[in-house]
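For reference, positions follow the sequence shown, starting with 1. Atom set for the values below is all heavy atoms of this structure, side chains included, hydrogens, waters and symmetry mates excluded.
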Amino acid sequence: RSKMFNRKKNRLIAATDRKIFFSEAGSLSRDSGSAELPVAQFLLHEYDSRLLSTFQQSRSNILLIVPDHWFKHDFFPFKSQRGSLIRPFIERKLKTTYPNLPFAPHFFSYLFRQTSAAGPGVRIFHLYEQKAYELYEALCKTNLMPRWITTAALLWEEHCKQRVSGFEAQAALLIHLQAHEAFLYFYFHGDFLFSRTVALPESAERLDALIFEVNQSIYLFSQKAKSDLNQ
């Protein structure tokens, strides 16, 4: 969360499905001096260790940003809001719901929610992709254990809650538009639902292609949220 992370005082690691980036300055721009490696090489430790020597020497905390689909989002009905009860409950639910992910009970966060259909409960987000656990283990072996793990969608969620009036009451789409692609983030009542990455052609049809993909995604949003998009 943004309150925990000051990019001037902490290190940043960002992973995609194929690459991993390391930055001491909290910026991943090409002119920031950040290091870049294929994920497969990092997991197998097949790289020049000198590339990360300066990064490893810093004693500041590390924020790890992973792809949105490396996380799973669930809602479980639960009436109590006592931390001493809720955490053991979540750990048990994750163990029984995802028996193939034995470490899931150690990599989750939660928020209390009230839904019209299920009543009070907890919104849980936890590491789901096997590669996420492999990357965490490889980082720990390299003396780069992350203090926090999040995704772009969750960072945008926090940003919008702080900057966008009424965001937590909206059914919203955020479009992060870049030169050759667009990232679509869908939220309902302040909670992240799903995201999509859309490749854009370098032509006059660029905007038309984006509008087409947005319209396709809005249909999926209406199915998931049982609501129309309004922002």
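The shortest heavy-atom contact between L127 and A132 is CD2-CB, 3.9 Å. When all heavy atoms are compared, the tightest approach of G190 to K161 is O-CE, 3.1 Å. What you find for A182 and L177 is that their closest heavy atoms are CB-CD1, 3.9 Å. Heavy atoms only, all atoms of each residue included: F42 and A138 are closest at CE2-CB, 3.8 Å. When all heavy atoms of A15 and P67 are compared, the pair lying nearest together is O-CD, 3.2 Å. Across all non-hydrogen atoms, the minimal contact from V164 to Q170 is CG1-OE1, 4.4 Å.
Judged purely by atom type and a 3.5 angstrom limit, D68 has no side-chain atom pairing as donor or acceptor with the backbone of T151. At distances below 3.5 Å, at least one donor-acceptor pair connects side-chain atoms of Q56 with backbone N or O atoms of T142. Side chain of Y187 to main chain of A153: a donor-acceptor pair is present (N/O by atom type, distance under 3.5 Å, no hydrogens or angles). Between the side chain of K131 and the backbone N or O of D17, at least one donor-acceptor pair lies under 3.5 Å. R11 contributes a side-chain N or O that, together with a main-chain N or O of S58, makes up a donor-acceptor pair within less than 3.5 Å. In this structure, the side chain of R206 engages the main chain of A179 through a donor-acceptor pair within 3.5 Å. At distances below 3.5 Å, at least one donor-acceptor pair connects side-chain atoms of T96 with backbone N or O atoms of K93. Formation of a donor-acceptor pair under 3.5 Å by the E213 side chain with backbone atoms of V198 is not found in this model. A side-chain donor-acceptor contact under 3.5 Å links S222 to the backbone of Y219.
Within the 6.0 Å centre-distance limit, the rings of F107 and Y133 are counted as a close aromatic pair.
Here N143 contributes atom CG and F55 contributes atom CZ; the two are 11.0 Å apart, rounded to the nearest 0.5 Å. Between S109 atom OG and I149 atom CD1 the span is 11.0 Å, to the nearest 0.5 Å. The distance from the CZ atom of R196 to the CD atom of E181 is 12.5 Å, given to the nearest 0.5 Å. One finds the CZ atom of F78 at 10.0 Å from the CD1 atom of I124 (value rounded to the nearest 0.5 Å). Of the inter-residue distances, the one linking W70 atom CH2 with Y128 atom OH reads 14.5 Å to the nearest 0.5 angstrom. Atoms OH and CD1, on Y185 and I175 in that order, are 11.5 Å from each other to the nearest 0.5 Å.
With a 4.5 Å cut-off on side-chain heavy atoms, F103 and H126 do not count as touching. Between L101 and Q130 the shortest side-chain heavy-atom distance falls below 4.5 Å. When side chains are defined from C-beta on, P120 does not count as touching F112, because their heavy atoms never get closer than 4.5 Å. At least one side-chain heavy atom of V214 sits less than 4.5 Å from a side-chain heavy atom of L184. Residues R87 and Y110 form a side-chain contact, since some pair of their non-hydrogen atoms from C-beta on lies under 4.5 Å apart.
A donor atom on one side chain and an acceptor atom on the other are not found under 3.5 Å apart for E129 and H69.
Between F76 and F89, the ring-plane angle classifies as perpendicular under the 30° and 60° cut-offs. Using cut-offs of 30° and 60° on the angle between ring planes, the pair F194 and F221 is tilted. Taking the six-membered ring for Trp and thresholds of 30 and 60 degrees, F71 and H73 have ring planes inclined between 30 and 60 degrees apart.
Under the 4.5 Å side-chain heavy-atom criterion for ILVMFWY residues, a single connected hydrophobic cluster contains both V66 and Y98. Follow the hydrophobic side-chain contacts under 4.5 Å out from F167 and you never reach F188; the two are in separate clusters. The cluster map of Ile, Leu, Val, Met, Phe, Trp and Tyr, joined by side-chain heavy atoms under 4.5 Å apart, puts F186 and F125 in different clusters. Grouping the Ile, Leu, Val, Met, Phe, Trp and Tyr side chains by contacts below 4.5 angstrom, directly or via other members, places Y47 with I62. Cluster membership for W156 and L210, using ILVMFWY side-chain heavy atoms within less than 4.5 angstrom, is not shared.
The pair E91-K95 does not count as a salt bridge, with every side-chain nitrogen at least 4.0 angstrom from each carboxylate oxygen.
Results of the side-chain contact (heavy atoms from CB on, under 4.5 Å) test with F21 over T16, I13, I65 single out T16 as the only residue that passes.
By the neighbour-count criterion of 12 heavy atoms within 6.0 Å, atom CZ of F212 is sparsely surrounded, having that number or fewer from other residues, nucleotides or ligands. Within 6.0 Å of atom CD in Q41, more than 12 heavy atoms from other residues, nucleotides or ligands are found, so the atom counts as buried in its surroundings. In D228, the CG atom is not crowded: 12 or fewer heavy atoms of neighbouring residues, nucleotides or ligands sit closer than 6.0 Å.
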Test side chain to side chain contact (heavy atoms under 4.5 Å, CB included) applied to I86 and V122, step by step:
CA-CA 8 Å; I86 191 65; V122 284; 3.3 Å; yes

